[in-house]
Each structure stands twice: as C-alpha cells, then as structure tokens.
J.: 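Structure below; questions to follow.
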Amino acid sequence: MAGEALVLIVEDEPAQREVLAYNIRAEGFAVATAAAGDEALIAVRETPPDVIVLDWMLPNVSGIEVCRQLKMGADTAKIPIIMLSARSEENDKIRGLETGADDYITKPYSVAELLARLRTQLRRVRPATVGERLEYEDIIIDLGEHRVYRGGDELSLGPTEYRLLSAFMERPGRVWSREQLLDRVWGRDIYVDSRTVDVHIGRLRKALRVAEGADPIRTVRGAGYSLG
Ligand code: CA
C-alpha cells in the first residue's frame with residue numbers, strides 16, 4: 001500500500017527470509033526480498049527501499065560488499081542498513097559498521113529485537129511510518145490511531161488527504177513536486193494524472209479550514225507544494 005515504509009530483506013535462507021518478511025509485514029510495513037547480493041543491488045536500483053535488512057553471508061556478492069557499494073552510491077548512501085551476521089566476533093562487528101552499516105545484529109537474534117532496531121532506523125528516515133504523533137503548529141496527527149486534530153478539534157479526512165498531510169508533516173518546509181507526491185501517496189506503480197494531486201490538495205485545504213486556522217499549505221509556483 002502506498003505510504004507504508006518499504007523494507008528490503010536480503011537473506012539467502014528461505015525459512016529465515018519468510019519469518020522476517022512475515023513479521024515485518026505484520027508490523028504494517030511493505031516488504032521486498034532478495035536472496036543474493038547481486039539480486040539485492042538490482043532490487044535497490046529498481047525500487048529504492050526505506051531501510052535494508054542485510055545478511056552478511058550471501059551468495060554471489062557478500063553482504064559486506066553490498067553494503068559498501070550502496071554506501072558509496074550517491075543515490076543509495078542514505079538508505080539505512082541493518083547487517084545480520086552469524087559471526088559474533090567483535091572484529092566482524094567493527095568491520096560491519098566500518099563498511100557503513102547503520103546497525104549490526106548478531107544471529108541468533110529475537111524478532112522483537114530486530115523490529116525495535118528497524119523502528120529506530122525508520123524513525124530517522126520515515127518518522128510517520130512508525131506510529132507516533134506528528135505536530136505542526138496547531139495540527140496534530142496521531143499516527144497510531146489515524147486521527148487528525150486542529151486546534152483541539154478532530155478533523156475528518158479521506159485516506160488520500162490523510163496520507164498527503166502525513167507526508168507534509170514529516171518534513172515541514174520541504175517542497176514536494178507533484179511527481180514526488182504521486183510516488184509517495186499513490187505509490188510508484190499506479191498511474192495517476194498529476195492534476196489529481198491538485199484536486200486532493202484542494203480537499204485537504206478544505207478539511208483543514210476550521211475556525212480561524214490559516215491555510216498551512218503553500219503553493220510553490222512551478223515546483224509543487226509545501227507545508228508552511
Ligand atoms: Ca546467509
């Protein structure tokens with residue numbers, strides 16, 4: 001579903017891969033999988049994930065090498081990587097982190113532990129996907145309960161307007177092009193006319209117009225929209 005964080009799981013053991021995919025999906029995240037290092041590099045290029053769970057020992061290209069290449073790539077360096085490893089030696093952990101991994105977990109690990117680390121990484125890159133509150137001036141989104149308030153009043157928003165507002169409130173001040181909003185709110189695989197964005201921005205503005213609240217959404221001519 002659009003708007004969810006996408007987690008890429010790179011693990012060659014089918015059983016482990018399935019357990020991870022199942023549990024991560026159950027947390028409300030979208031999941032992509034790869035079973036080898038080269039496959040992972042292709043998957044990242046085709047559909048950049050929000051975070052990668054990367055096994056160290058992989059066929060074709062090792063996890064360490066995948067991590068090194070992604071951290072050197074201009075477009076991929078910022079994607080958080082959590083390395084999984086059966087190796088417990090401190091040297092390996094240091095090597096993993098030196099390669100640029102953002103976190104490192106030793107097997108066997110608990111799924112709860114991995115999910116906690118995953119949330120920590122997602123909180124940095126996609127705060128609205130980990131079930132918290134977003135606040136901007138007098139507007140509050142309760143992400144856990146999917147409720148929106150302005151000046152204490154609960155607002156009624158359609159699902160698309162809700163996702164639009166969440167995107168804006170994750171990064172106040174950021175200017176979003178219509179294409180970026182389409183990718184983010186409607187999803188990468190769906191064809192929607194960019195004028196549809198304007199229609200839903202109009203609905204969102206209307207929904208936010210309560211009492212004397214000013215219109216918080218700014219139209220940036222020739223560029224798109226931003227919050228504030
Ligand atoms: Ca492995």
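Whatever order the structure lists them in is the order used to number ligands and atoms, beginning at 1. Not measured: the values here are computed from a predicted model.
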J.: Find, among atoms of Asp55 that are N, O or S, the one nearest to the Ca ion (ligand 1), and state its name.
T.: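 This turns out to be OD2.
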J.: For the Ca ion (ligand 1), does an N/O/S atom of Gln16 lie at less than 3.0 Å?
T.: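 Given the 3.0 Å cut-off, Gln16 does not count as a ligand of the Ca ion (ligand 1).
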J.: So that I can tick it off, tell me whether Lys107 and Glu11 are bridged by a salt bridge, with the cut-off set at under 4.0 angstrom between side-chain N and carboxylate O.
T.: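 Between Lys107 and Glu11 there is a salt bridge, with a charged N closer than 4.0 Å to a carboxylate O.
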J.: Under 30°, 30 to 60°, or over 60°: which ring-plane class applies to Trp186 and His200, parallel, tilted or perpendicular?
T.: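 Geometry flag for His200 against Trp186: perpendicular rings.
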J.: Using a cut-off of 6.0 Å, state whether more than 12 heavy atoms not belonging to Arg124 lie near its atom CZ.
T.: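 Counting other residues, nucleotides and ligands, CZ of Arg124 exceeds 12 neighbours.
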J.: Are Arg17 and Glu13 close enough for a salt bridge, meaning some N to O gap below 4.0 Å?
T.: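 Salt bridge: no.
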J.: Could you pull out the atom name of the N/O/S atom in Asp12 that is nearest the Ca ion (ligand 1)?
T.: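 Relative to the Ca ion (ligand 1), the closest nitrogen, oxygen or sulfur of Asp12 carries the name OD1.
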